[in-house]
Engineer: 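Please see the structure below; I have some questions.
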Amino acid sequence: MFWLDEILSKLPEKEQHIINDAKSPSGPPHVGSLRGVLIHDAVYKYLKEKGYNVRYIFGSDDYDPMDEIAGTLPREIYEQYLGKPLAHVPAPEGSGFEDLAMYFISDFFKIFDQLGVEAEKYYMRDYYKNGFFNEAIETVLDNADVIREIYLKVSGAKRPDNWYPIQVVCEKCGKIGTTEVIDWDGKEVTYVCKEDKVTWAKGCGHVGKISPFNGNAKMPYKVEWAAKWKYFGVTIEGAGKDHNTKGGSRDIANAISRQVFGYEPPVNIPYEFFLVGGAKMSSSKGRGATARAMADFLPPEILRYLMLYTHPKRKVNFEPSEKYITKLFNAFDKLHERIINGEPVEDWERSVYKLSQIFYHEPYRVLDFSLITTMIQLPYIDIYKEAEKRFGSPLTETERKVLESRIKAARYWLENFAPEEDKYQLQQTLPEKARELTQVQIAFLNKLADKLEALDDYNEDTIQSTIFEVARFTPIDGKTAFQAIYTVFLGKNNGPKAGRLLAYIDKDFVLKRLRELSFDEKEFLEQSSLDLEQFEQWWQKNKDKVQIQSDSLKAYDKFDKGFVELIYIKKDKPHLLRITGSDNSQELLQKVKQIINID
RNA sequence: CGGCUCGUAGCUCAGCUGGUAGAGCACGGGACUCUUAAUCCUGGGGUCCAGGGUUCGAAUCCCUGCGAGCCGGCCA
C-alpha cells in the first residue's frame with residue numbers, strides 16, 4: 001500500500017487534523033531535517049486533497065538551550081552563551097537578525113518557500129512568554145511523580161524524588177540548560193543553577209525561587225512534546241528513527257501524553273535518515289551537506305520526488321555522483337512524461353508526482369541532466385537555443401523556467417560535486433590515455449587532419465560532417481572514431497558534440513594535436529581490412545542495401561599483401577571497405593568480383 | 001550486551017491481507033544513426049541471507065542463527 005494511504009488508514013475520526021513538526025534552531029539544519037518537513041508537507045497536501053480539514057504547523061523550538069556551537073559561528077564569542085535559550089543568544093554581528101534562533105530558523109523557513117512547503121510557523125518562545133503553556137506546566141509539576149515513574153518504566157532512567165520536569169531560566173546568568181528544580185509549592189519552584197549539570201555548559205551556582213510561568217521556565221523536550229500535542233491538538237506527527245527507538249523520546253512522550261494529559265498521541269510516522277554519500281550528515285560537526293545546500297542544488301520537484309517516492313521507513317542514500325543524479329532526474333522526467341502523455345501509471349505514482357510537481361501544472365519538455373552538464377561546459381553556447389532546436393519549437397515560459405533550474409543544478413553540481421573526470425577540459429598536451437588508441441584510430445585522426453586543413457568553411461557543421469566522412473573512408477565505425485577525438489583532446493572517451501568542440505579550439509592547435517601520433521601503415525591496413533571470408537559474410541548481409549559500381553574497385557599490393565578497396569553507396573553515402581588476403585592484388589580483385597558478381 | 005529496522009537479479013529497489021518472483025539501470029545480441037545517459041526491438045540472469053517450524057502451499061507468518069545500519073548517560 002502507498003505509504004500515504006497507510007497513514008490515512010490509521011487516522012482517527014476528527015473534525016480537524018493538525019500535523020506538527022518542529023526544529024531546534026541550533027545551527028544550519030542539515031539535509032536530513034528536510035525529510036520530515038517534506039513528509040509532513042506531503043501528508044498535509046494529500047489530506048487536503050482528499051477533503052480533510054487539516055493544518056500543518058511547524059515550530060521553532062527556540063526556547064531550547066544552546067547546547068552546541070555551530071561550526072559556522074566563532075567559538076570564542078559564543079562559548080559564553082552555551083546553556084542560554086536560543087532565543088536569548090545574539091545573532092552574528094551584521095546578520096540583521098535579533099537573535100540566534102531567528103538567524104537560523106529564518107533561512108530554514110526560506111527553504112520551505114523554495115520547496116513549496118506550506119506550513120504555519122510558530123515560535124515556542126511566544127507560547128511560553130504569553131502563558132499559553134502555563135496550564136501544562138502546572139499539570140506537569142503536579143504530576144512530577146507520574147512522570148518520574150514513566151521515565152523509569154519506559155526508558156529505565158532513574159530520576160531523584162525531588163526531580164521536576166521543568167527548567168528555569170536562571171535569574172542571575174540567564175541559562176536554562178544548567179538549572180534543576182528541586183521543589184514546587186504549587187506557586188513557585190525552587191531551583192539551583194548547577195555548575196556541572198551538563199557537560200556543554202556551566203551554571204553559576206545561583207539558588208532561587210520563582211514562578212515557573214510566563215516564560216520563566218520551559219518543560220524538557222520529551223515532556224514539552226506531549227504538552228504540545230495536547231494544547232495544539234496535534235493528531236499527526238512523525239519523527240526520525242533516532243526518536244522512535246524503544247524507550248526513546250517518542251515512547252516517553254506517548255506515555256506522558258496519555259497518563260498526564262489524558263490525550264491520545266498523534267499518529268506517528270517513523271522515518272529513516274537521509275544520508276548523503278553513505279554517511280549520516282551531522283550539522284553539529286559543521287560538515288556535510290546542509291539543507292540550504294540541497295535546496296540550492298536540486299530543483300524543488302526533484303527533491304520532493306526523491307523524498308516522497310521513497311517509503312519513509314527506507315533510508316535515502318543520496319550520492320552526488322553524475323550517475324546517481326542523472327538517474328534521479330531521469331526517473332522523475334520519465335514519470336512526468338508518462339503522465340503528460342496519458343500513459344498508464346499506478347495510482348501511487350500519480351500521487352507522488354502530484355505531490356512533487358507543485359509549481360508547474362502544464363506539460364513541458366526537458367533536456368536530460370547530463371546533457372546540460374555537458375553543454376554548460378562549452379563556451380559560447382546558448383542552451384536555450386539549443387533546446388529549441390532539439391524540441392523543434394520555441395520554449396514556453398514554463399520550459400524556460402524548468403531549464404533554468406536545471407542549468408542551475410548542473411552548475412552547482414559541477415562546482416561542488418563533480419569529480420575531475422566528469423569535467424571536460426581541453427588537454428594542453430597529449431593525454432596519457434592516447435597510448436590506448438589503436439592504429440586505425442590514429443590513422444583516422446591523421447586523415448581527419450588532412451581533410452580539415454583543406455576545409456574552406458571551417459565551422460561546427462562542416463567539421464562534424466567531415467568527421468563522419470573521414471570515418472566512412474578510413475574505415476572506422478563512428479563511435480570509435482569519436483572516442484579517438486575525445487581521447488586526444490580531452491583525455492576521455494566522450495565529450496560534447498565533436499564538431500562544436502573543435503570549432504571552438506584554435507585550428508592550428510587542432511591540426512597539430514590530430515597529427516601528434518603517427519601510425520604504422522602496415523598495421524593500420526591490416527587492422528582495417530576484412531579477409532575474404534569476412535567480406536563474403538558482409539556481402540551476404542548487405543547486398544540488398546548497398547550499391548556498387550564496377551569502377552569503384554581499386555587494387556594494390558603493399559607489404560607483401562594484396563589489398564582491394566571498394567567504394568559502396570549506402571543510403572546515398574559513399575563508404576569504403578578494405579579487403580586483404582595473401583594473394584596478390586589482382587587475384588584478390590578477381591575473387592572479390594566473383595563474390596559480388598560483377599566483372 | 002539490550003532494542004529497533006533491514007537483508008529479493010551485477011546495482012537501486014517493487015512485491016497489500018501466504019499460492020513457487022517483477023521494474024528501472026547495467027550486461028549480451030539485433031536494427032538504426034551526423035556520436036551527445038541516443039533511441040527502438042530482443043535475450044540471458046535470482047537456492048527471494050542461512051536453518052528450522054506452521055500450512056496442501058511461504059519471499060510473504062513464527063523461531064533461531066549470520067550479516068548490515070541505527071538507537072541505547074544528559075540534551076535534543
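Here is the naming used below: chain letters follow the sequence lines, and residue numbers restart at 1 for every chain.
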Engineer: Say we look at B:A31 and B:A68: how far apart would their C1' atoms be, to the nearest angstrom?
Structural biologist: 44 Å
Engineer: With rounding to the nearest 0.5 Å, note down the distance linking CD1 in A:Ile39 to CG in A:Leu308.
Structural biologist: 7.5 Å
Engineer: Find out whether the Lys NZ or Arg CZ of A:Arg35 is both under 6.0 angstrom from the six-membered ring centre of A:Tyr271 and within 45° of the ring's axis.
Structural biologist: no
Engineer: How many Å lie between OH on A:Tyr309 and C1' on B:C25, as a whole number?
Structural biologist: 11 Å
Engineer: Please list, chain by chain and in numerical order, all residues satisfying side chain to side chain contact (heavy atoms under 4.5 Å, CB included) with A:Ala291, sequence neighbours excluded.
Structural biologist: A:Pro29, A:Leu34, A:Phe108, A:Ile111
Engineer: Return the nearest nucleotide to the side chain of A:Lys327; candidates are B:C6, B:A76, B:G24.
Structural biologist: B:G24
Engineer: Rounded to whole Å, how long is the line connecting atom CH2 of A:Trp348 with atom P of B:C16?
Structural biologist: 14 Å
Engineer: Searching all strands shown, indicate the nucleotide that pairs with B:U55 (Watson-Crick or G-U wobble; both distances under 3.5 Å).
Structural biologist: none
Engineer: Mind checking the P distance from B:U47 to B:C4? Whole angstroms is fine.
Structural biologist: 31 Å
Engineer: Measure from OH on A:Tyr271 to P on B:U5 and round the result to the nearest Å.
Structural biologist: 18 Å
Engineer: Using a 4.0 Å heavy-atom cut-off, write out nucleotides 26-38 of chain B from 5' to 3' as B (base contacted by protein), S (sugar-phosphate only) or - (no contact).
Structural biologist: -----SSSBBBB-
Engineer: Does A:Phe468 form a ring pair (Phe, Tyr, Trp, His ring centres under 6.0 Å) with A:Phe482? I'd like the steps, not just the answer.
Structural biologist: CA-CA 9 Å; A:Phe468 277 93; A:Phe482 280 101; 5.0 Å; yes
Engineer: Between A:Lys194 and B:C74, is there a side-chain N or O to OP1/OP2 distance below 4.0 Å?
Structural biologist: no
Engineer: Any side-chain N or O of A:Arg250 below 4.0 angstrom from OP1/OP2 of B:C71?
Structural biologist: no
Engineer: Which word best sums up how the rings of A:Phe369 and A:Phe329 line up, parallel for under 30°, tilted for 30 to 60°, or perpendicular for over 60°?
Structural biologist: parallel
Engineer: Whole angstroms only, please: what is the NZ-P distance between A:Lys315 and B:C4?
Structural biologist: 17 Å
Engineer: Please give the distance between the C1' atoms of B:G57 and B:U20 as a whole number of Å.
Structural biologist: 8 Å
Engineer: Within this structure, what is the CG-CZ distance for the pair A:Leu328 and A:Phe318, rounded to the nearest 0.5 Å?
Structural biologist: 6.5 Å
Engineer: Rounded to whole angstroms, how far apart are CG on A:Leu8 and P on B:C16?
Structural biologist: 19 Å
Engineer: What integer number of Å spans the P atoms of B:G15 and B:G19?
Structural biologist: 14 Å
Engineer: For A:Tyr353 together with A:Phe332, are the ring centres under 6.0 Å from each other?
Structural biologist: yes
Engineer: With heavy atoms under 4.0 Å as the rule, sort A:Lys218 into base, sugar-phosphate or nothing.
Structural biologist: sugar-phosphate
Engineer: If you measure from the P atom in B:A58 to the same atom in B:G72, how many Å do you get, rounded?
Structural biologist: 40 Å
Engineer: Could you check which nucleotide pairs with B:G46 in any of the strands shown, counting Watson-Crick or G-U wobble with both distances under 3.5 Å?
Structural biologist: none
Engineer: If I take atom CZ in residue A:Phe329 and atom C1' in nucleotide B:C25, what distance separates them, rounded to the nearest angstrom?
Structural biologist: 17 Å
Engineer: Which whole number of Å gives the distance between the C1' atom of B:C11 and that of B:C70?
Structural biologist: 23 Å
Engineer: B:U12 and B:G18: how far apart are their C1' atoms, nearest whole angstrom?
Structural biologist: 27 Å
Engineer: How close or far is atom P of B:U12 from atom CZ of A:Phe318, stated in whole angstroms?
Structural biologist: 16 Å
Engineer: Specify whether A:Tyr128 and A:Tyr63 have parallel, tilted or perpendicular ring planes, treating 30° as the upper limit for parallel and 60° as the lower limit for perpendicular.
Structural biologist: parallel
Engineer: Looking at B:U5, which nucleotide sits across from it as a Watson-Crick or G-U wobble partner, both distances under 3.5 angstrom, or is there none?
Structural biologist: B:A68
Engineer: Please state the P separation for the pair B:U39 and B:C25 - nearest whole angstrom.
Structural biologist: 8 Å
Engineer: Please determine, for the side chain of A:Phe273, which listed nucleotide (B:A76, B:C70, B:U12) has the closest atom?
Structural biologist: B:C70
Engineer: Which residue is it: A:Lys23, A:Arg125, A:Lys218? I am looking for the one with a salt bridge (Lys or Arg N to Asp or Glu O under 4.0 Å) to A:Asp62.
Structural biologist: A:Arg125
Engineer: Tell me: OH of A:Tyr221 to P of B:C75, nearest whole Å?
Structural biologist: 12 Å
Engineer: Going by purine N1 to pyrimidine N3 plus the second Watson-Crick contact, or the G-U wobble pair, all under 3.5 Å, which nucleotide sits opposite B:U33?
Structural biologist: none
